[in-house]
Trainee: 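Structure below; questions to follow.
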Amino acid sequence: MSTDTRRRGGADSRRARARRRQGRGYLAAFGAVLLTLVLVGGVGGVVAVAQGPRVTDVQVDPTAGIAASGSRVILTTTQSLEKVDPSQVEVEPATPFTVDTSGRSVGIRFTLPLRDDSDYRVTVNDVKGLGAGPGATLTETFRTPALQAYLMQRGTPEGDTIFRTDLEGKAGLPVFTDPHIEDFRTTANHLVISTRDNDTARVIVTDLDGKNPRDVTLPGPGFVSNLQSADRGERFGFTFSDATLGAAGGRESRLFTASAATEDAPVEVGLNGGDVRIADWRFVPDTDSMLVLTFDSRLLLTDAVGGNAAPLGSAVAIDGIARGSSVAIVERLEGVREINLTDGSEEALVDPVDPPGRTGRATPVPGLDAGTVRSFADIGSDGAYRSTIVGHVSSDGTVRQLLDVPGTDTVLQTCVSPSGRYAAVLVAPGAVNNPFDRYQLPLPGKLQTHLVEIDTGQQLVALEGFDLSWCQVPPG
């Protein structure tokens, strides 16, 4: 072997040994960095466990919270959590709720709409991560916006008009106008409007701002009445009668339902046996069910399709079902009853103590033991009608006056806001000189909607118009 070859071999060997030393250096450095990261991560994990769960994200929609039940506050934390019990949760102002725990999150679902224009605080006490570590208190605060509503005026210079307004009546904004509006309702994202074009019934769906109108496919020429919408979501329904009813028969007061979110035609709710004509009906809150009263006084609980309706005896009228509730207030021949629609049990509605007049229908107020709003006709010993007292009747029968309507005026309807904070009283002033129009749903030409806070009895405003969007059924 030549000297040059030996030299090249020695140089190659030295370079190889240098590369091995350099590689071992890289490995050592990488190992040191990795060890540091593990140590730091371990310390961070220990610190996190020692501190208990901390909030990293909050999801809440206050605007949705005042519109309907089912809104949520979701708190996401740094750790997977043990199950949170409802007793660990406090909500101020008090409102009913449910709790669920999933992974690193705890959700509080409000089973009633929230009060408008109010500060809320949600506190979850002694929240613990899985495995070990101390408990922590999680707190979130938020404010709900002022409430808005829709109402309608007939016979404005522009035609019949639906307005969006605040509760002071200072920000009325027209959103939809038509020469002849019979009635309307709101869903989560739409207006559903019953109109007539000469002798032709139409049901029009628009966005909440009145834009993008489209016609609902009706069962045929005829008449639409008793338009209603579900408390949540997009479902609405109405009763329909054929334009021509004769000896050969025809559909009369049949119940149809549809979704404002699709263009599918309404579907008839079928009822088996007896008279299938609908005298009155209601959506059951937070379900797919409906409570219906037929022409032959049968009270039935049915789903959206019908055919398997559960009988609930006979009744004279349905007064209402409070939002977030499964208890219906129904008038039977033997008196006004509260019927639990989940098991069919019932009891008498509490009678008002020392009522200020002849008792009228009951409008249930949302909330546990929240009572009802009722009208009382004050009639003198001579039989003269003196006034109508609208009052709140608590669960023990105590009556507290909300509004005193003079005998010259007529109370047509009472409604309650989604949260149960306000009552809306529809009044026809000067009834003698306030003639009814000639609509299919006839109403006096001048109407006022009085808004009253139920807790305080303070009257907020009297709005010109009717059909406030809180109302679940047409006036009359």
Side-chain angles (χ1 to χ4, degrees), residues 183 185 224-232 235-241 252-257 269-271 273-304 306 309-351 359-366 370-375 393 411-416 418 420 423-426 441 467-468 470-476:
D183 199 9
R185 291 290 174 273
V224 170
S225 59
N226 208 344
L227 178 68
Q228 298 183 36
S229 61
D231 292 322
R232 288 197 293 144
R235 291 183 65 219
F236 68 93
F238 53 86
T239 54
F240 177 84
S241 298
E252 181 181 3
S253 294
R254 302 294 182 88
L255 179 58
F256 287 79
T257 64
V269 179
L271 300 175
D275 196 333
V276 298
R277 295 174 297 172
I278 305 299
D280 200 0
W281 70 283
R282 297 289 191 281
F283 281 113
V284 179
D286 302 323
T287 74
D288 290 329
S289 300
M290 288 162 287
L291 184 66
V292 300
L293 178 63
T294 63
F295 273 30
D296 57 357
S297 301
R298 290 182 301 146
L299 188 66
L300 304 170
L301 182 65
T302 182
D303 58 21
L312 294 171
S314 61
V316 177
I318 301 173
D319 281 8
I321 309 172
R323 293 173 173 88
S325 168
S326 59
V327 177
I329 297 179
V330 172
E331 296 182 31
R332 298 195 191 274
L333 288 176
E334 59 268 30
V336 184
R337 311 286 293 180
E338 291 184 302
I339 303 176
N340 189 324
L341 299 177
T342 61
D343 59 15
S345 62
E346 65 177 88
E347 59 184 8
L349 180 67
V350 173
D351 288 328
T359 305
R361 284 193 171 190
T363 302
V365 178
T372 60
V373 172
R374 307 190 75 167
S375 296
V393 182
V411 174
L412 298 178
Q413 185 181 35
T414 60
C415 307
V416 176
V425 183
L426 180 62
L441 176 62
D467 241 4
L468 197 71
W470 305 341
C471 300
Q472 297 164 300
V473 295

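Positions are given from 1 along the sequence.
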Trainee: Kindly indicate, with the supporting measurements, whether the criterion side-chain contact (heavy atoms from CB on, under 4.5 Å) is fulfilled by Val473 and Arg282.
Mentor: CA-CA 8 Å; Val473 295; Arg282 297 289 191 281; 3.4 Å; yes
Trainee: Can you measure from CG (Leu291) to CG (Leu299) and round to the nearest 0.5 angstrom?
Mentor: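 It comes to 4.5 Å.
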Trainee: Considering only heavy atoms from C-beta outward, does the side chain of Asp288 approach that of Asp303 to under 4.5 Å?
Mentor: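 When only atoms from C-beta onward are counted, Asp303 and Asp288 do not touch, as no gap falls below 4.5 Å.
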Trainee: Atom CG of Asp467 and atom CG of Leu441: how far apart are they, to the nearest 0.5 Å?
Mentor: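 Answer for the CG-CG pair, Asp467 versus Leu441, is 7.5 Å.
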Trainee: Below 30° counts as parallel, above 60° as perpendicular, anything between as tilted: where do the rings of Phe256 and Phe240 land?
Mentor: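 Plane angle over 60°, so perpendicular.
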Trainee: If I take atom OG1 from residue Thr342 and atom CD1 from residue Ile339, how far apart are they, to the nearest 0.5 angstrom?
Mentor: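 Answer for the OG1-CD1 pair, Thr342 versus Ile339, is 12.0 Å.
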Trainee: I'd like to know if the side chain of Ser225 pairs up with that of Thr239 as donor and acceptor (distance under 3.5 Å, no hydrogens or angles considered).
Mentor: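 Side-chain D/A pair, Ser225 to Thr239: present.
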Trainee: Within a strict 4.5 Å, meaning less than it, do heavy atoms of the Val350 and Val393 side chains meet?
Mentor: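 Not in contact.
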Trainee: Can you tell me how far apart CG (Leu271) and CG (Leu255) are? Round to the nearest 0.5 Å.
Mentor: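 These two atoms lie 7.5 Å from each other.
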Trainee: Working to the nearest 0.5 angstrom, can you tell me the gap between Arg235 CZ and Arg185 CZ?
Mentor: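 It is 15.5 Å, given to the nearest 0.5 Å.
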Trainee: Sequence neighbours excluded and cut-off under 3.5 Å, please list the side-chain donor-acceptor pairs for residues 311-323, or say none.
Mentor:
unit_1 : atom_1 : unit_2 : atom_2 : d
Asp319 : OD2    : Ala362 : N      : 3.1
Arg323 : NH1    : Val416 : O      : 3.1
Arg323 : NH2    : Trp470 : O      : 2.5

Trainee: Please examine the side chains of Val327 and Pro364, heavy atoms only from C-beta on, and report whether any two atoms are closer than 4.5 Å.
Mentor: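 Not in contact.
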Trainee: Does the side chain of Val336 come within less than 4.5 Å of Arg374's, by heavy atoms?
Mentor: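 Counting from C-beta outward, Arg374 and Val336 do come under 4.5 Å.
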Trainee: Check this for me, if you would: do Asp286 and Arg232 make a salt bridge, where the nitrogen-to-carboxylate-oxygen distance has to be below 4.0 angstrom?
Mentor: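 Yes, charged N to carboxylate O under 4.0 Å.
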Trainee: Do Asn340 and Glu338 meet the criterion of a side-chain donor-acceptor pair at a distance under 3.5 Å?
Mentor: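 No - no donor-acceptor pair under 3.5 Å links their side chains.
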Trainee: Would a distance-only check, ignoring hydrogens and angles, find a side-chain to backbone donor-acceptor pair under 3.5 Å from Trp281 to Asn226?
Mentor: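 Yes; at least one donor-acceptor contact below 3.5 Å.
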Trainee: Using side-chain contact (heavy atoms from CB on, under 4.5 Å), reason through Asp231 and Phe283 one step at a time and then give a plain yes or no.
Mentor: CA-CA 8 Å; Asp231 292 322; Phe283 281 113; over 6 Å; no
Trainee: Calculate, to the nearest 0.5 Å, the distance between atoms CG and SG belonging to Leu468 and Cys415 respectively.
Mentor: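 Rounded to the nearest 0.5 Å, the CG-SG separation comes out at 7.0 Å.
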